[in-house]
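Everything below concerns the one structure shown next.
These numbers come from the heavy atoms of this one structure, side chains and all, not from hydrogens, waters or symmetry mates. Everything numeric in this text was worked out from a predicted model, so none of it was measured. The chains referred to below are lettered A, B, ... by the order of the sequence lines, with proteins before strands, and numbering in each begins at 1.
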2 protein chains.
Amino acid sequence: MASRDTQHKKITEAQDRFVASWGQMAGAWGISRTMAEAHALLYITGKPMNTDEIMDRLQISRGNASMSIRALLDWGIISRTHKRGDRKEYFEADQDVWSMFRSIVRERMKREVEPLLATLFEIRDASPAPDEASGDQQKELLAHQKRLEEMLSFMQTMEKLSHRFVSPSGSGLELAAKLLTKFDK
Amino acid sequence: MASRDTQHKKITEAQDRFVASWGQMAGAWGISRTMAEAHALLYITGKPMNTDEIMDRLQISRGNASMSIRALLDWGIISRTHKRGDRKEYFEADQDVWSMFRSIVRERMKREVEPLLATLFEIRDASPAPDEASGDQQKELLAHQKRLEEMLSFMQTMEKLSHRFVSPSGSGLELAAKLLTKFDK
DNA sequence: TGGTTCTTTCAGAAATTATTGAAATCAATA
DNA sequence: TATTGATTTCAATAATTTCTGAAAGAACCA
């Protein structure tokens, strides 16, 4: 039978591996490794930690820790807590994976898709109006507009879909997703 | 009425804006700006272009163009074509936005989610087996395992969902997505 | 085969992004 | 209000990613 210490060491090791693999994926999704690691750490340990604990565990500077934590708060996937008799701030991760994921989708849509969509509308509306010029040019213009429209319509569909998913009532999509995968050939 | 030249200039301008805004979003999703721009250019012009044309239009080096094109080919969202009597290779973008998006999802799942999932399984399987040690440690271990399981189960659901979406037959999800957004409150 | 054209590769340079750490700010306490 | 401790900010630096350009490699042709 494993001793208390051995078992604890193994859990810590598993946590570290979790944190590392989470951090690895970060780059591919446009967030910094540290930010992902801090989140992973809070999620997998499940207990509130203060800035110093996070710094120590991840071996990062105070500034970096502060900024990463702030970013996670802005994303809405971690929250502040306090400990009686301790002036330090503690942070804990949302423990519901689905709600966490919803926050991420919400933020990314707001930050990246919505501005893009706005720009696409602008581009469309600034397009030259069809005139009676030569057939060839006419065709080119129409084809251009069609491509713009298709992209726009795709992104709008995605936007609406994400809204459904993200809205409180839309959490039913969690069930839908699970059901959909149940009936797998 | 706009002259031929004016109209053409305006289309080019719209294309450039499209390319730029596409490129801007790239960073946030972990692909290089140039790669996104090259794809945007091929998509929005709708016509096959060779390496030199892409280089000129995006003002990039030959090396960069070659590597970006290669990456887009690997992702399966552009394809090679040829012009009779021209030894150069031409490239054109998949004009179907949904099929394009499916390719992107397929590749990202394969490259990022699947490896992560594999690592998560590894971590779980290397976890210490529950033993008869103290209740506190026992509880901690069980909580740790529960968090791992929840994350695993979430990612597996996502994986299955994406497979449905990505598979040829799964293109029905396009319809489903559109339908879902139709009934908007 | 040698010459020509097109394509890929990759070491180094440039640009971008992430991180540090010390100073400034803020907050609680007495 | 001064003191102490916690937190944020940000200019400087480090690390990483992207890009260039020249050289090597292929493909084609006469």
Side-chain angles (χ1 to χ4, degrees), chain A residues 19-42 48-75 78-92 108 111-112, chain B residues 19-42 48-75 78-92 108 111-112:
Chain A
V19 167
S21 60
W22 207 248
Q24 275 215 300
M25 206 177 66
W29 297 92
I31 50 175
S32 87
R33 191 175 47 79
T34 303
M35 184 177 155
E37 286 191 351
H39 177 254
L41 179 63
L42 291 173
M49 299 178 92
N50 62 38
T51 306
D52 291 78
E53 291 169 329
I54 295 170
M55 281 168 62
D56 289 353
R57 186 80 184 260
L58 299 181
Q59 303 275 26
I60 56 174
S61 72
R62 186 169 298 285
N64 194 3
S66 172
M67 289 168 89
S68 298
I69 289 168
R70 149 67 74 88
L72 290 169
L73 287 167
D74 287 348
W75 279 67
I78 70 173
S79 55
R80 294 179 209 272
T81 27
H82 291 279
K83 273 196 177 157
R84 192 170 302 290
D86 189 341
R87 271 169 61 184
K88 289 201 186 65
E89 286 190 302
Y90 283 73
F91 305 94
E92 61 185 341
R108 297 208 77 139
R111 292 168 196 218
E112 291 134 28
Chain B
V19 167
S21 59
W22 207 247
Q24 274 214 299
M25 206 176 68
W29 298 92
I31 51 172
S32 86
R33 192 173 47 80
T34 303
M35 187 176 153
E37 287 192 349
H39 177 254
L41 179 63
L42 291 173
M49 296 177 92
N50 63 39
T51 305
D52 291 79
E53 289 169 331
I54 294 171
M55 284 168 61
D56 289 352
R57 187 79 183 260
L58 299 181
Q59 303 276 23
I60 56 172
S61 72
R62 186 168 300 284
N64 194 2
S66 171
M67 289 168 86
S68 298
I69 288 167
R70 149 67 74 89
L72 290 170
L73 287 167
D74 287 347
W75 279 66
I78 70 172
S79 55
R80 293 180 210 271
T81 26
H82 292 279
K83 273 195 179 159
R84 193 168 298 291
D86 188 343
R87 271 173 59 185
K88 288 200 185 67
E89 284 191 304
Y90 283 73
F91 306 94
E92 59 186 341
R108 296 207 79 137
R111 293 169 195 218
E112 291 133 29

Quiz item: Which nucleotide in the set D/dT9, D/dT7, C/dT7 lies at the smallest distance from any side-chain heavy atom of B/K88?
Solution: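 Nearest nucleotide to the side chain: C/dT7.
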
Side chains of [X] and [Y] in contact at under 4.5 Å (non-hydrogen atoms):
X	Y	answer
A/K83	A/K88	no
B/D74	B/R70	yes
B/T51	B/E89	no
A/L72	A/F91	no

Quiz item: How far does the helix from C/dT1-D/dA30 to C/dA30-D/dT1 bend, going by the axes of its first and last five pairs, to the nearest 10°?
Solution: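 The helix from C/dT1-D/dA30 to C/dA30-D/dT1 shows an end-to-end axis angle of 20°.
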
Rounded to whole angstroms, how far apart are [atom1] on [X] and [atom2] on [N]?
X	N	atom1	atom2	answer
B/D86	C/dT4	CG	P	19 Å
A/I69	D/dT9	CD1	P	13 Å
A/Q59	C/dT20	CD	C1'	14 Å
B/E53	C/dC6	CD	C1'	14 Å
A/L73	D/dT7	CG	P	12 Å
A/I54	D/dT8	CD1	P	11 Å
A/H82	D/dG5	NE2	P	19 Å
B/M49	C/dT7	CE	P	14 Å

Within the sub-3.5 Å range, which N or O atoms of nucleotides 22-30 of chain D have a protein N or O partner, and how far apart are they?
residue : atom : partner : partner atom : Å
D/dA27  : N3   : B/R87   : NH2          : 3.3

Quiz prompt | A/W29 and B/W29 aromatic ring geometry - parallel, tilted or perpendicular at 30°/60° bounds | solution =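 Aromatic pair B/W29/A/W29 classed perpendicular.
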
Please enumerate all protein N or O atoms sitting under 3.5 Å from an N or O of nucleotides 16-19 of chain D, with distances to 0.1 Å.
residue : atom : partner : partner atom : Å
D/dC19  : OP1  : B/T34   : OG1          : 2.5
D/dC19  : OP2  : B/T34   : OG1          : 3.1
D/dC19  : O5'  : B/N64   : ND2          : 3.4

Please report the closest heavy-atom contact between [X] and [Y], naming both atoms and the distance.
X	Y	result
B/M35	B/A71	SD-CB, 3.6 Å
B/W22	B/A36	CD1-O, 3.2 Å
B/R33	B/G23	CG-O, 3.6 Å
B/A40	B/V19	CB-CA, 3.9 Å

Exercise. Could you tell me whether A/R57 and A/E53 have a side-chain N and a carboxylate O separated by less than 4.0 Å?
Key: no

Quiz item: With distance as the sole test, does A/R108 use its side chain to make a donor-acceptor pair with the main-chain N or O of B/A28 at under 3.5 Å?
Solution: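 Confirmed, A/R108 side chain pairs with B/A28 backbone.
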
